[in-house]
Amino acid sequence: MKIYKSLDTLIVGAGFAGMYSLHKQLSEGFKGEIFEQGDDVGGTWYWNRYPGARCDIESMDYSFSFSEELQQEWNWKEKYGTQPELFSYAKHVCEKFNLRKNINFNTKITKAKFIKNTQSWLVTCDDNSIVKCRYLILATGNLSTPNTPKINGVDTFKGNIFHTGAWPKEMPDFKNRTVGIIGTGSSGVQSIPIIAETAKELLVFQRTPNFSLPARHSKLPIDKRENYKKNYLKYRQLAKNSSFGIAKYQPPTQSAFDVSENERNSIYQKAWEEGGQAMLFSFTDLLTDKKANDTAAEFVRNKIREIVNDKSTAEKLCPFDHPIGTKRLCLDSNYFQTYNKNNVSLIDISKKPIDEINKHGLVTNGTEYTFDDLVFATGFDAMTGSVNAINITNEDEVSLKSKWAEGPKTYLGIMVSEFPNLFMITGPQSPGVKSQMILSIEQHVDFIHNLIMHKKDNNYSAVNAKSKNQDEWVKHNNDVAHSTLYPLAHSWYNGDNIVGKKRNFMPYVGGVANYKNICDEIIESDYKGFEFS
Ligand code: NA7
């Protein structure tokens with residue numbers, strides 16, 4: 001076996017998590033490199049180029065805070081960053097911190113094996129070259145393994161097939177074409193209004209309706225942006241002290257039933273007009289008390305009924321199967337309004353799934369629908385998909401995938417017991433996807449970096465998470481989740497969207513402020529739960 005390269009740190013993935021990790025490693029003098037399967041940086045914002053792709057968190061929040069120079073020099077143009085703007089930002093970060101020379105593009109990592117003697121990892125790339133490293137950091141993203149449902153006959157379809165999570169670089173032209181789209185999660189909700197603008201006809205195949213709130217998107221006024229920049233220190237701190245990692249969404253103080261029905265509805269109305277996720281932060285109990293949640297859910301259903309002209313279509317678009325906010329809440333620009341267009345039809349496939357895809361379209365409930373192009377907006381094998389895609393084995397040749405067969409088990413979403421020197425950024429059982437992702441990335445990268453430095457300063461060669469502390473963390477994660485309404489939803493948070501995936505609630509929903517306090521206490525207690533050798 002020939003080792004093609006030896007590194008201190010190998011990082012998988014050149015999204016925001018990978019790039020910040022690399023920057024930290026290089027600034028400390030480590031020999032670090034990223035391996036990335038795409039041909040450029042950006043991660044999520046490299047792959048998700050579908051029409052209307054946009055972040056659902058405002059740009060002034062969804063950005064790095066670790067460099068004052070970076071946050072002052074970058075000028076966001078839109079309230080919510082578009083995919084092109086976020087992709088440009090990622091490239092800017094890459095050039096500014098001179099990272100490109102340490103990134104191996106077009107290279108997929110297929111295997112990683114821990115070697116006991118050398119206390120290091122042997123990592124195999126898709127061209128079979130092998131890289132040795134002391135630390136292996138998975139910055140593989142939570143929503144980066146596209147899920148394409150296995151529907152009979154999909155290979156026979158004669159038109160073009162797209163997946164929102166792996167969209168081609170050149171935007172397809174849907175002009176004069178009939179398009180079928182499967183899926184009405186965030187990606188469907190964002191792309192449907194834009195595709196409908198050009199397509200001759202758009203057929204939306206909906207299995208489950210989703211709650212969506214108006215984004216109230218706009219250009220970002222320069223004075224607002226500059227004012228935010230002047231006060232970044234304050235806003236970033238407020239974000240860190242919040243539950244979701246967004247400065248303006250501070251914990252609510254009253255229950256939905258502390259106010260009269262009229263007052264409650266006027267609070268919802270204000271939040272609706274403000275746009276974004278504000279409504280979810282109106283009351284303390286919206287995500288813990290089903291009756292409180294019903295008041296917000298019914299408010300939104302009534303909005304859908306007001307917006308959509310056709311009564312039967314409106315009713316099909318009203319979600320009843322899950323409490324509002326327990327699936328990722330979509331933010332839209334004219335999503336429900338799109339169903340008032342003559343060229344858009346909603347096909348309810350909730351009771352009868354798609355039987356097959358054929359040459360010209362698809363068949364459901366005995367009816368054939370024909371179209372020229374098919375879009376899968378069917379989401380991802382979330383949170384565990386990209387980790388399990390790498391064959392990771394420990395010193396006893398036990399695979400991480402087999403350890404996670406009953407669901408992921410991690411310590412803080414950062415390490416997995418018995419897999420020394422392997423780190424995950426925003427892994428399962430961390431607040432990652434339930435927070436402003438870049439804030440969580442920064443906190444995780446800093447934590448991992450400190451852990452590595454602690455190990456280095458004390459001349460240890462390996463760090464491992466203790467299984468007892470891991471078990472306690474998994475239990476805590478589950479206890480917190482089960483004190484909320486989240487587990488009631490059929491969602492990717494639970495792994496429900498992937499056939500055969502064991503149901504487990506994966507994100508930590510105790511909030512970023514609580515989580516950070518726990519991490520800080522662990523550091524202060526000399527890294528409780530971690531063992532060094
Ligand atoms: P999501 O939110 O997982 O949505 C996927 C959609 O695809 C959802 O409506 C699914 O219906 C639908 N789907 C999945 N499989 C099928 C099959 N077999 N038949 C019909 N419909 C299907 O993914 P997104 O890409 O929209 O968003 C992912 C995250 O990215 C989002 O939460 C943001 O954080 C950004 P279902 O609800 O499962 O019935």
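Fair warning: this is a prediction, and the values are worked out from it, not measured in the lab. The chain is numbered in sequence order, starting from 1. Indexing begins at 1, ligand by ligand and atom by atom, following the structure's order.
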Enquirer: Which atom pairs, one a donor and one an acceptor, fall under 3.5 Å between side chains of residues 314-325 and the rest of the protein, sequence neighbours left out?
Expert:
{"from": "Glu315", "atom 1": "OE1", "to": "Arg305", "atom 2": "NE", "distance (Å)": "3.1"}
{"from": "Glu315", "atom 1": "OE2", "to": "Arg305", "atom 2": "NH2", "distance (Å)": "3.1"}

Enquirer: Can you give me every donor-acceptor pair (side chain of residues 424-437, partner residue at least two apart or in another chain, under 3.5 Å) with its distance?
Expert:
{"from": "Thr426", "atom 1": "OG1", "to": "Asn142", "atom 2": "ND2", "distance (Å)": "3.2"}
{"from": "Gln429", "atom 1": "OE1", "to": "Thr410", "atom 2": "N", "distance (Å)": "2.9"}
{"from": "Gln429", "atom 1": "OE1", "to": "Thr410", "atom 2": "OG1", "distance (Å)": "2.9"}
{"from": "Gln429", "atom 1": "NE2", "to": "Pro408", "atom 2": "O", "distance (Å)": "2.8"}
{"from": "Ser430", "atom 1": "OG", "to": "Gly427", "atom 2": "O", "distance (Å)": "2.8"}
{"from": "Ser430", "atom 1": "OG", "to": "Gly432", "atom 2": "N", "distance (Å)": "3.3"}
{"from": "Lys434", "atom 1": "NZ", "to": "Tyr486", "atom 2": "OH", "distance (Å)": "3.1"}
{"from": "Ser435", "atom 1": "OG", "to": "Pro431", "atom 2": "O", "distance (Å)": "3.4"}
{"from": "Ser435", "atom 1": "OG", "to": "Gly432", "atom 2": "O", "distance (Å)": "2.7"}
{"from": "Ser435", "atom 1": "OG", "to": "Ser440", "atom 2": "OG", "distance (Å)": "2.6"}
{"from": "Gln436", "atom 1": "OE1", "to": "Ile438", "atom 2": "N", "distance (Å)": "2.7"}
{"from": "Gln436", "atom 1": "OE1", "to": "Leu439", "atom 2": "N", "distance (Å)": "3.4"}
{"from": "Gln436", "atom 1": "NE2", "to": "Asp61", "atom 2": "O", "distance (Å)": "2.7"}

Enquirer: Please enumerate all residues that pass salt bridge (Lys or Arg N to Asp or Glu O under 4.0 Å) together with Asp39, with sequence neighbours excluded.
Expert: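 So Asp39 forms a salt bridge (Lys or Arg N to Asp or Glu O under 4.0 Å) with Lys169.
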Enquirer: Which parts of the protein, at residue level, reach under 4.0 Å of ligand 1 through a heavy atom?
Expert: Leu143, Pro149, Ile182, Gly183, Thr184, Gly185, Ser186, Ser187, Arg207, Thr208, Lys327, Arg328, Ile349, Ala377, Thr378, Gly379, Phe380, Trp492
Enquirer: May I ask you to decide if the ring planes of Tyr46 and Phe87 are parallel, tilted or perpendicular, using 30° and 60° as cut-offs?
Expert: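 Judged by the thresholds at 30° and 60°, the geometry between Tyr46 and Phe87 is perpendicular.
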Enquirer: Salt-bridged, Arg54 to Glu78, with N to O below 4.0 Å?
Expert: yes
Enquirer: Would you mind checking if Arg216 and Glu273 are paired as a salt bridge, meaning a charged N to carboxylate O distance below 4.0 Å?
Expert: no
